Amino acid sequence: MQEKYEPQAIERRWQEAWSGERVFEVTEDPSRQGDTFYALTMFPYPSGDRLHMGHMRTYTITDAIARYQRMRGRHVLHPMGWDAFGLPAENAAIKRGIHPAKWTWENIEYIRDQQMKRMGFSYDWTREIATCSPDYYRWNQWFFLKLYEHGLAYRKEAAVNWCPSCATVLANEQVIETRAAVSGAERATAAQGRCWRCESVVEKKNLMQWFFRITEYADELLAGTDELPQWPEKVRAIQRHWIGKSTGAELVFRVKGAVDEAKGATEVRVFTTRPDTACGVTYIVLAPEHPLVRELTRPEHREAVEAFIGRVAAKSEIERTAAEGEKEGVPIGAVVTNPFTGDEVPVWIANYVLYEYGTGAVMGVPAHDERDFDFARKYGLPIRQVILPPGDDPGAAPAGSATTPGGVRLEVGQMQAYTEPGTMIHSGAFDGMPSPEAIAAMTRHAEQHGFGRARVTYRLRDWLISRQRYWGTPIPMVHCPGCGTVPLPESELPLILPENVQFTGHGKSPLLSAPDWVNTTCPRCGGAAQRETDTMDGFMCSSWYFMRYVDAHNDRAPFDPAKARYWLPVDLYVGGVEHAIMHLLYFRFFTRFCHKLGLVPAPEPVTRLFTQGTVRYNGQRMSKSKGNAVSPNDLADEFGADTARVFTLFAAPPESDLDWVDSGVEGMFRFLNRVWRNVYDVLRQGGQAAGPQSAAAAKEMRRQTHGAIKKVTDDLEREFSFNTAISAIMVLSNALGDHLRLPAGEQDPAAAREAAEALVLLLAPFAPHLGEELWRELGHQGFVAFARWPVHDPAALLTDEIELAVQVNGKLRSHVVVPTAADADRIREIVLADSQTQAQIDGKQVIKVVVVPGRLVNVVIK
RNA sequence: GGGGGAGUGGCGGAAUGGCAGACGCACCUGACUCAAAAUCAGGCGCCGCAAGGCGUGGGGGUUCAAGUCCCCCCUCCCCCA
């Protein structure tokens, strides 16, 4: 064995051996069904920036678990692929004249061969997928047709989010509020919706677009969040909130003196979660986009209303609904009747009401809603109290109030909205009822009298999947002047992206510049027709890629359901929490759809989700654009991939952010050198007989070995405590080093060898190349990657004597050594005889002696 | 404002209600060396010469015993309004 640890040569050799002997390639084996483990990491976008250690951390976490599970005997599927469609490829084309396909494939090749393979990840590369390949995206198109068939894909004109910089529309989930904009002086512009990719301020545009009806699944996606015990609570909470189920009622307010009863503009429907406050309504608000606005606006208000709509239309939803944003509105002149009280109240439009949500109309109850309160105060609208806080006298109006016709007008400067439950007042037949009961009672009343019904609404909107860009999956639809929108037959898939197009980035799909492609014949009537020129959102690709890995080369179906049954659901999915709504919601939706089609065995894609922390360097999140990216290639050159891997796992718990510290990396390299040196020394002294005075040292060595096996196994089984597991391996290595430095007569070669073997096995999932090399040096033939994970021997952990801490009145005062077998009485005797303890007791009365077996003794004195 | 999470040495971080600071980094001392690096041995929460005292964001509480459990407060991060 070589005396010096030289990772570069070792790592290359083992990477070649793994790939040459195809050890990580797996095929379905019926005898191992039920014993499988599917370990998956969110696949990367093959960016021109290449990968840095921030990316590698994620892959290292999954790989460590995949390797551990293999050693535990599981049949492990661990695939990798490329989320290869997206804007940067197209922007590179515009900027540098490289075709997106060429740019993408070059990046893939570099990242795969020069970066990932050098890190020693145990992927089954035969299952590699790239979503920009027609072999893959034809199944995006297939799924699109299936969704269309089931009424879950549809086209409509809608006010959609438009990113002027990316020159395309965005799904609701892709509009974010960035922190960058929120900085003191910029308060006014803070609450703006911005593009998730480029942070440009998002605009509203009316366009005809394709949507997936994810709202159809809102309820089951919501219910499903409760059946994911191994998902972080944070992610489940974010999803619940995003789905945003509201239970309440829809109420009908009749329009007084409707212009034309026959045309139907005779009523306004509002959605409210608080029907119990209905008698407190003092106005009604419509969203500015509400179609009734045009019909109901009185001529004398028309000018002001149109001016207001013009101002509001351009603003994003986030901006409009932000709590700190100014609420603005104008009356439109119409008057409606409160169905509960018969009171007449005015109709307004305001910026804080969204057309897309609920019915696009709300009732204004200033006394019991903060937003309505602010609005009423600003515009001098009456405030009518209908719920009395507990403890208030129902006979008396609140102090400082004055009565006005139509209700109680409060001195608003001294009051605020009361939003909690209470007792009903000023609500006719419902007076005296607790308000939570009134919610149901008043809803029932509305239903019986035909002016309302119980209703549930969601915050979740349908998923807008059209993109006006080139580098994505073509939507397999044809627009025929005679037949309308016609789906392509499955037999015509894949619909291949044309190669020669103009990349302009001007907001029209580049596909329009390929007339040979656009002009086609209608699949139904055979007449001249045009293809759909929008492409699909990239999140389409990532919604089902984990299914494709189970059968990556199937050219008759997206995958074989039998193979899906063998591997799915994914046992462990590792990725960033930034995907908590976008990707993770879409792919749950897709999985549920596929489950209904009978394609996958479970309604949820992933049993355990793990969200890792970010990697920081010099105080900032590591990224190429911030110029603080640490290159895995440089690390592999200088210290080897194993050092980079083990440092990444050791420096912080995997769910926490990690500070990259160069000196820490060097420390890890020193540790691996010590491991190497220890195994070298064991081998050099191997075969010797145990020394004459070795019994105690052998016992201690074995205790250390089996203690480490237990600790590392527990840490990996319970939580992914790689940092403490590696620390336990360090303790074992240090103990082995100590043993090897004992005088020859006190050493025990057998115990040392057992320690070395355990050391190598325990370290192998984290430092796999070093593991293979040392395993071979220790005389084993097979790969350590498939060696059996060690099991600790409880007997080795037992000792004859044990040291206990002694506290007096809870303060640490002494230590005593007692036989391990001693019972509480015997321990008490030994402790009370201890001179240090005696000195503390100092003749005082011993009230009680608490003995905690194996740990400590607390003597309570007075 | 609502939801999720976090505050422990110089730093990253350990601690099923049971000896706070495992393990590592940095630093200090010593050995080896002409010297340095590497390596090895030792030290390393704060105050104190010491005995000892004080210490897990702050304040209360429960307990023989609290970083850990309960109540109040402060600060920071993330998500949503």
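Chain identifiers are assigned alphabetically (A, B, ...) following the order of the sequence lines, protein sequences preceding nucleic acid strands; residue numbering begins at 1 within each chain. These numbers were taken from a predicted model, which means no experiment stands behind them.
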Q.
Looking at W242(A), I'd like to know if the NZ or CZ of R459(A) sits under 6.0 Å from its six-membered ring centre while staying within 45 degrees of the ring's axis.
A. yes

Using a cut-off of less than 4.0 Å, is there contact between a side-chain N or O of [X] and OP1 or OP2 of [N]?
{"X": "R670(A)", "N": "A26(B)", "value": "yes"}
{"X": "N673(A)", "N": "A38(B)", "value": "no"}
{"X": "R741(A)", "N": "A41(B)", "value": "yes"}
{"X": "R616(A)", "N": "G12(B)", "value": "no"}

When you measure from the side chain of [X], which nucleotide among [options] comes out closest?
{"X": "S663(A)", "options": "A41(B), A65(B), A26(B)", "value": "A26(B)"}
{"X": "R459(A)", "options": "A81(B), G24(B), C64(B)", "value": "A81(B)"}
{"X": "A652(A)", "options": "C25(B), C19(B), G13(B)", "value": "G13(B)"}
{"X": "M730(A)", "options": "C23(B), G18(B), C40(B)", "value": "C23(B)"}
{"X": "L812(A)", "options": "C80(B), C19(B), A26(B)", "value": "C19(B)"}
{"X": "H815(A)", "options": "C19(B), C64(B), G18(B)", "value": "C19(B)"}
{"X": "R855(A)", "options": "U16(B), C25(B), G13(B)", "value": "U16(B)"}

Q. Just by protein heavy atoms under 4.0 Å, how would nucleotides 4-11 of chain B read 5' to 3' in B, S and -?
A. S-------

Rounded distance in Å between the [atom1] positions of [N] and [M]:
{"N": "C40(B)", "M": "A50(B)", "atom1": "P", "value": "31 Å"}
{"N": "A31(B)", "M": "G21(B)", "atom1": "C1'", "value": "29 Å"}
{"N": "A15(B)", "M": "G30(B)", "atom1": "C1'", "value": "32 Å"}
{"N": "G61(B)", "M": "U16(B)", "atom1": "P", "value": "27 Å"}

Q: Using heavy atoms and a sub-4.0 Å distance, could you list which residues of residues 714-727 of chain A are near RNA chain B? By number, please.
A: N723(A), T724(A), S727(A)

Q: May I ask you to list the residues of residues 799-807 of chain A, by number, that have any heavy atom positioned under 4.0 Å from an atom of RNA chain B?
A: A805(A), Q807(A)

For [X], look at atom [atom1] and say whether over 12 heavy atoms of other residues, nucleotides or ligands are found less than 6.0 Å away.
{"X": "Q838(A)", "atom1": "CD", "answer": "yes"}
{"X": "E370(A)", "atom1": "CD", "answer": "no"}
{"X": "R621(A)", "atom1": "CZ", "answer": "no"}

Q.
Parallel, tilted or perpendicular, judged at 30° and 60°: which one describes the rings of F375(A) and Y352(A)?
A. perpendicular

Q.
Both atom distances under 3.5 Å, Watson-Crick or G-U wobble: I'd like the secondary structure of RNA chain B as a dot-bracket string, with | for pairs made across strands.
A. (((((((..(((.....[....))).(((((.......))))).(((....)))..(((((..]....)))))))))))).

Q) With sequence neighbours excluded, what pairs up with D738(A) under the side-chain contact (heavy atoms from CB on, under 4.5 Å) test? A) R741(A)

Q: Tell me which of H241(A) and V852(A) sits closer to the 5' end of RNA chain B, going by the nucleotide each one is nearest to.
A: V852(A)

**Q.** Donor + acceptor pair across side chains of Q239(A), T225(A) (<3.5 Å)
**A.** no

Q: Name the nucleic acid region contacted by R236(A), choosing base, sugar-phosphate or nothing; use a 4.0 angstrom heavy-atom cut-off, strictly under.
A: nothing

Q) How is V860(A) classified with respect to the nucleic acid when contacts are heavy atoms under 4.0 Å: base, sugar-phosphate, or nothing? A) sugar-phosphate

Q | Positive for side chain to side chain donor-acceptor pair (under 3.5 Å) with D714(A), one of R718(A), K710(A), K711(A) | A | K710(A)

Q | Chi-based syn or anti call at G57(B), which uses purine or pyrimidine torsion atoms and a 90° bound | A | anti

Which donor-acceptor pairs under 3.5 Å do side chains of residues 719-726 of chain A form with protein atoms, sequence neighbours excluded?
unit_1  : atom_1 : unit_2  : atom_2 : d
T724(A) : OG1    : D715(A) : OD2    : 2.8
T724(A) : OG1    : S721(A) : O      : 3.1

